[in-house]
Protein chains: 2
Amino acid sequence: MDLIQLQAAFTGELAAVNRKLRALVDERARGMGLTLSRARLLMELAREDGPIQSDLAGLLDIEQPTLVRLLDGLERNGMIERRAVEGDRRARRVFLTESARAQAQDILNFLTELRAGILQGIAPEELEAALDVLRRTSRNIAAGRSAAP
Amino acid sequence: MDLIQLQAAFTGELAAVNRKLRALVDERARGMGLTLSRARLLMELAREDGPIQSDLAGLLDIEQPTLVRLLDGLERNGMIERRAVEGDRRARRVFLTESARAQAQDILNFLTELRAGILQGIAPEELEAALDVLRRTSRNIAAGRSAAP
DNA sequence: GCAACATAAATAGCATGCTAATGATTGTCA
DNA sequence: TGACAATCATTAGCATGCTATTTATGTTGC
């Protein structure tokens, strides 16, 4: 397999793993009213409650409109609430509701076990090396987007 | 960083790279009327023209309804056509149009260069190791979906 | 003090993914 | 052969992503 095929296989597998991972989480977590994206958001709030939306989008590395809809869904489910910020009427802070806070540990455990399951048999050094490759890829993409080559 | 954090970082970065890659391709290829998924489909047809839809979905590892909409878009753009299959009135074969076939080499070059760009500085052995990790992850996910643990 | 610019959130509209359900054929086998 | 199951494509409906635009509010510079 030459480099070009290897690169194609890598990007292809990247997309495939992602789709499968999302499908798995959605299947397993449906009963809890969760999806992968929602769980990530809740875990971020469990870590530090009350960010304004634009900061939260940055923390999750998604765009604001994507966040808005995620929050709409979670708000309808009664898992988060938006509160006004005094001193800036444009902004709103996002908080976990009490019931979501009570669930947070369960969700964290669920995600942790799920990740351990799908990554079983992969040694820490291998994972670290793969993570490094992913990070460098991320950086290359970011560099390529700011300046057109 | 302990194993749990490492596993969380890995899955998080996986999703992030994927989003960024899609955004990059969509930005670069917009002028050609392409997206990442569409390009993948066209490349598959360039490799072997005329599969029936359910086989094509299998080759691309996506579900049939996802394929149907992709094909709808490409058909509107005049890049593919569906033809009846004699002997089975349920099925339809998918073919590149002449104009898409003429473009195929350009698209392939575009994708190849783009992949080389985002993976630059990553040695073949590193890429191979990372690909292996991704493949094992895929298998673990597939195993986990058939039987609930 | 006010015009111009910047920032926060939301909305609109597109593209992909999925599952579930429908419709039309085709295959099977009792 | 004739009911039942399987297969192929499609539609419907949901969830995430994105960019571009809009609305409201803040900030800054003259």
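- At whole-Å resolution of the value, CD1 in I62(A) and P in dT19(D) are 12 Å apart.
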- Spell out protein contact along nucleotides 1-11 of chain D as letters: B when the base is contacted, S when just the sugar-phosphate is, - when no protein heavy atom is under 4.0 Å; keep the 5' to 3' order. -----BBSBBB
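- Using a 4.0 Å cut-off, no side-chain N or O of S37(B) falls inside it from OP1 or OP2 of dA15(C).
- Within 6.0 Å of CD1 in I4(B) there are 12 or fewer heavy atoms belonging to other residues, nucleotides or ligands.
- As a whole-Å value, the separation of L24(B) CG from dG17(D) P is 18 Å.
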List the atom pairs, donor and acceptor, that lie under 3.5 Å between side-chain atoms in residues 78-90 of chain B and the rest of the protein, sequence neighbours left out.
unit_1: E81(B); atom_1: OE2; unit_2: R83(B); atom_2: NE; d: 3.0
unit_1: E81(B); atom_1: OE2; unit_2: R83(B); atom_2: NH2; d: 3.1
unit_1: R82(B); atom_1: NE; unit_2: Q53(B); atom_2: OE1; d: 3.0
unit_1: R82(B); atom_1: NH1; unit_2: D72(B); atom_2: OD1; d: 3.1
unit_1: R82(B); atom_1: NH1; unit_2: E75(B); atom_2: OE1; d: 2.7
unit_1: R82(B); atom_1: NH2; unit_2: V68(B); atom_2: O; d: 3.4
unit_1: R82(B); atom_1: NH2; unit_2: D72(B); atom_2: OD1; d: 3.1
unit_1: D88(B); atom_1: OD1; unit_2: R90(B); atom_2: N; d: 3.0
unit_1: D88(B); atom_1: OD1; unit_2: R90(B); atom_2: NE; d: 3.1
unit_1: D88(B); atom_1: OD2; unit_2: R90(B); atom_2: NH2; d: 3.0

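- Atom C1' of nucleotide dC18(C) and atom CZ of R28(A) are separated by 16 Å, given to the nearest angstrom.
- In this structure, the CZ atom of R30(A) is 13 Å from the C1' atom of dG13(D), given to the nearest Å.
- When the C1' atom of dA15(C) is taken as reference, atom CZ of R38(B) falls 8 Å away, rounded to whole Å.
- Of all the heavy atoms in A91(A) and I52(A), the pair that sits closest is CB-CG2, 4.2 Å.
- When the nearest nucleotides of DNA chain C are assigned to T66(B) and R76(B) by heavy-atom distance, the more 5′-ward of the two goes with R76(B).
- Rounded to whole Å, the distance from CG on L70(B) to P on dC14(C) is 16 Å.
- Taking the side chain to side chain donor-acceptor pair (under 3.5 Å) definition, one finds that Q105(B) meets it with N109(B), sequence neighbours left out.
- Between R89(A) and L34(A), the residue anchored nearer the 5' end of DNA chain D, judged by the nucleotide with its closest heavy atom, is L34(A).
- Salt-bridge check for R93(B) with D49(B): failed, with every basic side-chain N at 4.0 Å or more from each acidic carboxylate O.
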Name every donor-acceptor pair, under 3.5 Å, that has one atom in a side chain of residues 37-47 of chain A and the other anywhere in the protein, sequence neighbours excluded.
unit_1: R40(A); atom_1: NH2; unit_2: L60(A); atom_2: O; d: 2.8
unit_1: E44(A); atom_1: OE2; unit_2: R47(A); atom_2: NE; d: 3.2
unit_1: E44(A); atom_1: OE2; unit_2: R47(A); atom_2: NH2; d: 2.9

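- No donor-acceptor pair under 3.5 Å is formed between the side chain of D61(B) and the backbone N or O of A16(A).
- Shown for residues 106-117 of chain B: no residue has heavy atoms falling under 4.0 angstrom of DNA chain C.
- With hydrogens and angles ignored, the 3.5 Å screen pairs a side-chain donor or acceptor of T112(B) with a backbone N or O of L108(B).
- R136(A) is linked by a side chain to side chain donor-acceptor pair (under 3.5 Å) to D132(A), E126(B), counting only residues two or more places apart in sequence or in another chain.
- The distance from atom CD of E63(A) to atom C1' of dT7(C) is 15 Å, rounded to the nearest whole Å.
- In this entry the distance linking CG of D26(A) with P of dA20(C) reads 12 Å, nearest Å.
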